Engineer: 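To start, I am sharing the structure in question, which I have written as structure tokens.
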Amino acid sequence: NSPEIGSRTRTRAIMEKYGIRTKKSFGQNFLTDLNVLKNIVEAADITANDNVIEIGPGIGALTEQLAQAAGEVLALEIDQDLIPVLKEVLSPYDDVKVINQDVLQANLPELIKKEFKDPSRPIKVVANLPYYITSPILMNLLASPVEWATICVMMQKEVAQRLTAKPGTKQYGALTLAIEYQMQAKIAFDVSRKVFVPAPNVDSAIVVLTPRTNPLPVQPFDKQKLFGFIRGCFAHRRKSLWNNLQSVIGKDPAAKEKMTAVLNQLDISPQIRPEKLTLEQFIELANALHQQNL
Ligand code: SAM
């Protein structure tokens, strides 16, 4: 009848017993607050009918909470030293599988098919993400063909603010738009740095992503090119859209004339900053420039 893994006492005991020293290189900051852990599971809306993929289980604090709520849990941990620890501390739970896997190298559809007993149930991602690769992990999840029912993840507060930013704000940018393209993002709650071992030097927030309920108002001619274009438009955030377009497309007079016509037609001022444009406007702009062979 030991206390739950996410309690300070149990975490300390596990780390001592297995001689665990957290690795900075893997972004290891273990969460030691049962309230926060339970609130994450609640924000993710996990039920016994859900399959959960956890990225980076650490020593299993969140995994244990997920195991109690979900149908099945599949946890992917890159640090092989933690695998025997996880196997032992999670042994009381059926329907939890831990594998030694770098999530950035994972073939997620294949893992889902292979590792879940019933792969047809909704798949939810829940994680306290390693901060150093938050964006690549999110981009990977969104690029995969899996239809995530929910992605509920903890990240650095500043990144959470970028994911949920509104046009015209400093935080709004290519990452915001890449998320908005597929998902609705909302910050569930903030988390103090004090509840981690070791404490990171930033505060965190839980972001919940759910699939868009309303379809995109305009379809891009090519999704990858759209995002290449958007990144180009944000390359010099403090310059005007016009200046950025010139770096993306070129300064040739004929091209400039076409760009002016396109902006006119879309009623977009060349002097505005890129961060003022909505996703819909970026798609319309990319499509119209493409039509002009630019
Ligand atoms: N879930 C635990 C908790 O909440 O206490 C640990 C969270 S810790 C912030 C991040 C975890 O992700 C670590 O266990 C780390 O080893 C793991 N990790 C880092 N990079 C990873 C990767 N590329 N693939 C899978 N796991 C990774």
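Being a predicted model, the structure only gives us computed values, none of them experimental. Remember, it's 1-based here, ligands and their atoms both numbered in the order they're listed.
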Engineer: Begin with the C-alpha distance, continue with both residues' side-chain angles, and end with the deciding distance and a verdict on ring pair (Phe, Tyr, Trp, His ring centres under 6.0 Å) for Phe282 and Phe234.
Structural biologist: CA-CA 11 Å; Phe282 271 115; Phe234 279 105; 5.6 Å; yes
Engineer: When you check the gap from the basic side-chain N to the acidic O, do Asp33 and Lys194 get nearer than 4.0 Å?
Structural biologist: no
Engineer: Could you label the plane-to-plane angle of the Phe221 and His290 rings as parallel, tilted or perpendicular, counting under 30° as parallel and over 60° as perpendicular?
Structural biologist: parallel
Engineer: Is a donor on one side and an acceptor on the other found under 3.5 Å between the side chain of Gln292 and the backbone of Leu289?
Structural biologist: no
Engineer: Between Lys97 and Glu72, is the closest basic N to carboxylate O distance under 4.0 Å?
Structural biologist: no
Engineer: List of N/O pairs, ligand 1 versus protein, all under 3.5 Å?
Structural biologist:
unit_1, atom_1, unit_2, atom_2, d
ligand 1, 1 (N), Glu54, OE2, 3.3
ligand 1, 1 (N), Gly56, O, 2.8
ligand 1, 1 (N), Pro57, O, 3.4
ligand 1, 4 (O), Asn128, ND2, 2.8
ligand 1, 5 (O), Leu31, N, 2.8
ligand 1, 14 (O), Gly58, N, 3.3
ligand 1, 14 (O), Glu77, OE1, 2.7
ligand 1, 16 (O), Gln28, NE2, 3.0
ligand 1, 16 (O), Glu77, OE2, 2.6
ligand 1, 20 (N), Tyr132, OH, 3.2
ligand 1, 23 (N), Asp102, OD1, 2.8
ligand 1, 24 (N), Val103, N, 2.9
ligand 1, 26 (N), Ile78, N, 3.4

Engineer: Could you tell me whether the side chain of Leu62 reaches within less than 4.5 Å of the side chain of Pro57, counting heavy atoms only?
Structural biologist: no
